[in-house]
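Data first, discussion second: the structure below is written as structure tokens.
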Amino acid sequence: MISLQEATQIIQNHLFLSKPVEVKLMKTLGRVLREEIRADRDLPPYDRVTMDGIAIDYQSFAEGQKTFFMEKTQFAGMLPTHLSSPQYCIEVMTGAVLPVGTDTVIRYEDLEKEEKGEQTYFTLKINEIRQGQNIHKQGSDSKQEDVLVSAGVKISPAEIAVASAVGKSSLWVSQKPLFAIVSNGDELVDIETKPLTHQIRRSNTYMLLSALEQLKMKADSFHLPDKQAIIEQKLSTILAPKSVFDVVLLTGGVSAGKADFIPKVLADLGVEKLFHQVAQRPGKPFWFGKTKANKMVFALPGNPVSTFVCFHKYVVPWLRASLFEPNPLTMPQAILKEDFSFKPNLTYFLQVKTMIDENQKLWAIPIEGGGSGDFANLLECDGFLELPAEKSTFKAGEQYDFIRYR
Ligand code: AMP
Ligand code: MG
């Protein structure tokens with residue numbers, strides 16, 4: 001049996017190491033960028049008017065001029081016009097190119113408009129203006145070729161905006177591993193089946209499928225009975241070097257029971273065991289290994305809370321690191337709200353409900369439930385507080401790592 005820290009380290013040493021793939025821009029949301037996005041020209045690309053109003057030559061104002069004859073209008077989307085005399089002004093709209101010969105924009109709110117026949121004049125209502133005001137200068141945000149988004153960033157609508165502004169209709173992002181979810185147990189039936197007295201429905205499959213869907217991962221699911229030969233035959237196909245799957249999540253059949261065939265079958269199939277059993281509760285029987293073709297195998301204990309803990313504690317950070325997300329192991333902390341004690345020399349994953357106080361502190365309230373089979377208790381909670389193995393009493397007010405699943 002190894003510690004949780006050793007298990008984490010071994011898993012992080014065996015990543016999927018996703019390759020970059022080119023994907024259409026609108027399919028990249030939530031994925032990890034694997035290239036730099038650079039400005040294809042200055043941003044903004046021209047001196048851009050930022051207010052509706054008039055553009056003038058500041059010098060005329062400095063010399064005392066307050067009223068300006070409006071010679072024409074410059075709309076957004078028009079080529080730049082020219083001011084024909086420093087005494088005139090050009091009416092300008094937000095987003096327009098600043099007209100040639102002007103250097104300052106005055107907004108309508110600071111102007112009085114006067115029509116004399118066909119002619120329009122604008123008079124300043126204020127005494128102070130600043131040369132260059134209301135103009136977003138060319139290249140003031142970024143210069144052509146500047147890096148706007150670095151590799152490793154998770155793509156959000158803000159990155160999509162930048163990518164589309166610089167003309168990238170596709171991006172290089174991390175390839176996703178394909179998951180196989182394999183449940184195992186003679187007592188397990190599918191959702192539609194009405195279970196007999198001795199049967200239960202295989203909820204772990206759907207929990208894992210949806211947890212992966214939340215992470216935008218694709219998965220297929222399979223179910224195996226407690227028959228060694230059948231397990232061996234099916235797993236040999238799923239784990240074959242040429243199979244489509246990159247990673248296999250097994251649930252059930254890894255403990256010490258007489259029908260727990262998974263570790264033996266994996267050994268018979270030549271899957272290298274990297275560890276079996278972690279000093280933690282729940283989830284102690286967790287088995288981890290890899291095939292010669294580098295397909296990772298997470299054999300999670302079947303108890304639903306154990307499966308859930310192991311998925312969030314180990315599979316999620318493994319996936320993050322595999323996709324080249326930065327800081328895959330960083331965890332927030334939460335403060336224990338009540339004293340708690342746990343004697344065994346195991347890391348304990350305490351089910352907790354969280355709350356944020358008026359000082360923005362995150363508190364964790366223990367809601368223990370009925371143990372690792374009590375998956376309904378997960379509904380009451382938001383995550384697990386990770387209580388270290390070395391300690392047995394945990395005092396209210398102490399902070400611990402927190403794994404949020406809701
Ligand atoms: P095992 O790890 O196979 O000994 O299973 C431990 C417990 O988890 C047993 O009570 C199983 O019935 C239950 N279990 C195993 N797999 C699943 C599953 N896919 N869905 C729900 N419960 C399961
Ligand atoms: Mg079983």
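Atoms within a ligand are numbered from 1 in the order they appear, just like the ligands themselves. FYI, the numbering just counts along the sequence from 1.
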Discussion item. Between Asp146 and Lys143 (side chain of the first, backbone of the second, donor and acceptor by atom type, cut-off under 3.5 Å), is there such a pair?
Written reply: yes

Practice prompt. Kindly say whether Pro86 contributes a backbone atom to a donor-acceptor pair with the side chain of Asp57 at under 3.5 angstrom?
Written response: no

Worksheet item: Is the charged tip of Arg281 near the ring of Phe349: under 6.0 Å from the six-membered ring centre and within 45° of its axis?
Response: no

Worksheet item: About how many Å separate CG of Asp382 and CD1 of Ile365, when rounded to the nearest 0.5 Å?
Response: 9.0 Å

Worksheet item: For the atom pair CG (Leu346) and CD (Glu390), what is the distance rounded to the nearest 0.5 Å?
Response: 11.0 Å

Measure and list all N/O to N/O distances between ligand 1 and the protein that fall under 3.5 angstrom.
unit_1   : atom_1 : unit_2 : atom_2 : d
ligand 1 : 2 (O)  : Gly253 : N      : 3.4
ligand 1 : 2 (O)  : Gly302 : N      : 3.0
ligand 1 : 3 (O)  : Gly253 : N      : 2.8
ligand 1 : 8 (O)  : Gly302 : O      : 3.1
ligand 1 : 8 (O)  : Asn303 : N      : 3.2
ligand 1 : 12 (O) : Glu187 : OE2    : 2.5
ligand 1 : 14 (N) : Gly302 : O      : 3.2
ligand 1 : 20 (N) : Ser203 : N      : 3.2
ligand 1 : 20 (N) : Asn204 : N      : 3.1

Discussion item. Distance alone, cut at 3.5 Å: any donor-acceptor contact between the side chains of His223 and Ser183?
Written reply: yes

